[in-house]
Amino acid sequence: PDDFVADYYLTAWELPPEGGQWGLWYICPQGGAYLNYEGPGRHVCPLDGQVYSGWPYEQVIYARMHQDLAEAARDLGLAYQLSGETAYAQSAAEILRAYADAYLDYPYHDINDETGISGGRVTAQTLDESQWLIPIAWAYDLIVDSGALSGAQREHIEQELLYAAVTTIVRNPAGMSNWQSWHNAAIGAVGFALQDPLLIAQALNDPANGFEYQMQASVSADGF
């Protein structure tokens, strides 16, 4: 029923207070096992029971929250397309609007919490920023014509979120690497979502980073 959809999907959530950190920080230094999250300030090694807190452990959880929200927005967009229920689109739109409001306030930061070009805003690596941006771009594409966003809101999301995230990623041209494969996927996702031929061409044809370059330079006789 419509009231169930609205009640279930318009639940309380909030963006993390800052960008996330590198997932591999979340490993017990004594034995190499992933830590267990037991709530704020409690990141516990399953091997020896040692409790860790503060940076970067809290920030790794923020990174997971950011990715979960991006994937939730995408899934809500898919649910809208499959069901026609506008409550799904409205919930996805809330996530996108929140990120458009906040994205440029997240400072650049890398895995050492410095401002190197490998860092992102929502995440600590342009690799991870790309993985986060792809479902964000898909979510926008899935709901842009749903009526859940006004013209001004669409412009805000396009400029302060989608294009802004591309700007973050292209600070770090990675050439012949798996990072650039993810960069190209994210740039292309935004390009196709916004029907921007320049971004599409950049993802496919950039002479030192694009998909065609990678297929020529990164595939050797024995494979990738």
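As a basis for the values below, the full set of heavy atoms in this structure was taken, side chains included, without hydrogen atoms, waters or symmetry mates.
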### Side-chain donor/acceptor of Thr126 to backbone N/O of Glu129, under 3.5 Å
no

### Message
Assess the residue pair Asp196 and Val190 against the criterion (side chain to side chain contact (heavy atoms under 4.5 Å, CB included)); give the C-alpha distance rounded to whole Å, side-chain angles, the decisive distance to 0.1 Å, and a yes or no.
### Response
CA-CA 8 Å; Asp196 184 327; Val190 172; over 6 Å; no

### Query
Is it true that Leu127 and Tyr213 fall in one hydrophobic cluster, defined by side-chain heavy atoms closer than 4.5 Å?
no

### Message
Check for me, please, whether Trp13 and Tyr99 land in the same ILVMFWY cluster - side-chain distances under 4.5 Å, paths through other members count.
### Response
yes

### Message
Tell me if a side-chain donor or acceptor on Glu58 pairs with a main-chain N or O of Gly41 at a distance below 3.5 Å.
### Response
yes

### Message
Working to the nearest 0.5 angstrom, can you tell me the gap between Leu194 CG and Ile200 CD1?
### Response
9.0 Å

### Message
side chain to side chain contact (heavy atoms under 4.5 Å, CB included) for Arg121 and Leu104? Distances and angles first, verdict last.
### Response
CA-CA 8 Å; Arg121 291 187 184 272; Leu104 289 172; 4.0 Å; yes

### Message
Using only atom types and a distance under 3.5 Å, with no angle test, would you say the side chain of Asp48 pairs donor to acceptor with the backbone of Gln50?
### Response
yes

### Query
Under a 4.5 Å side-chain heavy-atom rule over Ile, Leu, Val, Met, Phe, Trp and Tyr, are Tyr80 and Trp138 clustered together?
no

### Task
Return the set of residues passing side chain to side chain contact (heavy atoms under 4.5 Å, CB included) with Ala70 (not counting sequence neighbours), or none when no residue passes.
Trp132, Pro135, Ile136

#### Entry: Nearest-0.5 Å distance, OG of residue Ser181 to CE of residue Met215
6.0 Å

### Summary
Minimal heavy-atom distance between Tyr106 and Gly19, with the atoms involved, is CD2-N, 3.5 Å

### Task
Quick one: list whatever passes side chain to side chain contact (heavy atoms under 4.5 Å, CB included) with Ala33, sequence neighbours left out.
Pro46, Leu47

### Message
Test of understanding: with side chain to side chain contact (heavy atoms under 4.5 Å, CB included), list the residues that count as partners of Glu212, not counting sequence neighbours.
### Response
Asn205

### Task
Give a yes or no on whether Tyr108 atom OH has more than 12 heavy-atom contacts from other residues, nucleotides or ligands under 6.0 Å away.
yes

### Query
Any link between Tyr103 and Tyr140 through a network of hydrophobic side chains (Ile, Leu, Val, Met, Phe, Trp, Tyr) touching at under 4.5 Å?
yes

### Query
Where do Leu76 and Ile95 land on the side chain to side chain contact (heavy atoms under 4.5 Å, CB included) test, with the steps shown first?
CA-CA 10 Å; Leu76 288 161; Ile95 295 172; 4.2 Å; yes

### Query
If you round to the nearest 0.5 Å, how far is CD of Gln125 from CG of Asp110?
8.5 Å

### Query
Out of curiosity, does Ile117 fall in the hydrophobic cluster containing Leu133 (side-chain heavy atoms, cut-off under 4.5 Å, transitive links)?
no

### Query
What are the two closest non-hydrogen atoms of Ala93 and Leu149, and how far apart are they?
CB-CD2, 3.6 Å

### Query
Just checking, any donor-acceptor pair under 3.5 angstrom between side chains of Thr123 and Asp128?
no

### Message
Return the CG to CG distance between Leu199 and Asp206, rounded to the nearest 0.5 Å.
### Response
11.5 Å

### Query
When Ile, Leu, Val, Met, Phe, Trp and Tyr are grouped by side-chain heavy atoms lying under 4.5 Å apart, directly or through other members, which residues fall in the same group as Ile27?
Trp22, Leu24, Trp25, Tyr26, Tyr34, Leu35, Tyr37, Tyr52, Trp55, Tyr57, Val60, Ile61, Tyr62, Met65, Ile111

## Note on the structure
What one should report as the nearest heavy-atom pair of Ala193 and Ala137 is CB-O, 3.8 Å

### Message
Would you compute the distance between atom CD of Gln81 and atom OG of Ser146 and round it to the nearest 0.5 angstrom?
### Response
8.5 Å

### Task
State, to 0.1 Å, how close Thr168 and Gly120 come at their nearest heavy-atom pair, and which atoms those are.
CG2-CA, 3.7 Å

### Summary
When Gln153, Glu160, Arg154 are each screened for side-chain hydrogen bond (donor to acceptor under 3.5 Å, both in side chains) with His156, the one that passes is Glu160

### Message
To the closest 0.5 Å, what do you measure between CD1 (Ile143) and CG (Leu78)?
### Response
11.5 Å

### Query
Do you know which two heavy atoms are closest between Ala186 and Ile169, and how far apart they sit?
CB-CD1, 4.0 Å

#### Entry: Heavy-atom donor-acceptor pair, Gln214 side chain to Ser177 backbone, under 3.5 Å
yes

### Message
Once salt bridge (Lys or Arg N to Asp or Glu O under 4.0 Å) is applied, what residue pairs with a partner in residues 30-45 remain, sequence neighbours excluded?
### Response
Glu38-Arg42

### Task
Enumerate the residue pairs fulfilling ring-ring contact (aromatic ring centres under 6.0 Å, His included) with a member in residues 162-197, sequence neighbours excluded, ordered by first and then second residue.
none

### Query
Passes side-chain hydrogen bond (donor to acceptor under 3.5 Å, both in side chains), Gln21 versus His109? Steps please.
CA-CA 9 Å; Gln21 258 303 332; His109 62 286; 4.7 Å; no

### Message
Between Asn184 and Asn209 (side chain of the first, backbone of the second, donor and acceptor by atom type, cut-off under 3.5 Å), is there such a pair?
### Response
yes

### Message
Looking at every non-hydrogen atom in both residues, tell me the closest pair between Glu18 and His66 and how far apart they are.
### Response
O-NE2, 3.0 Å

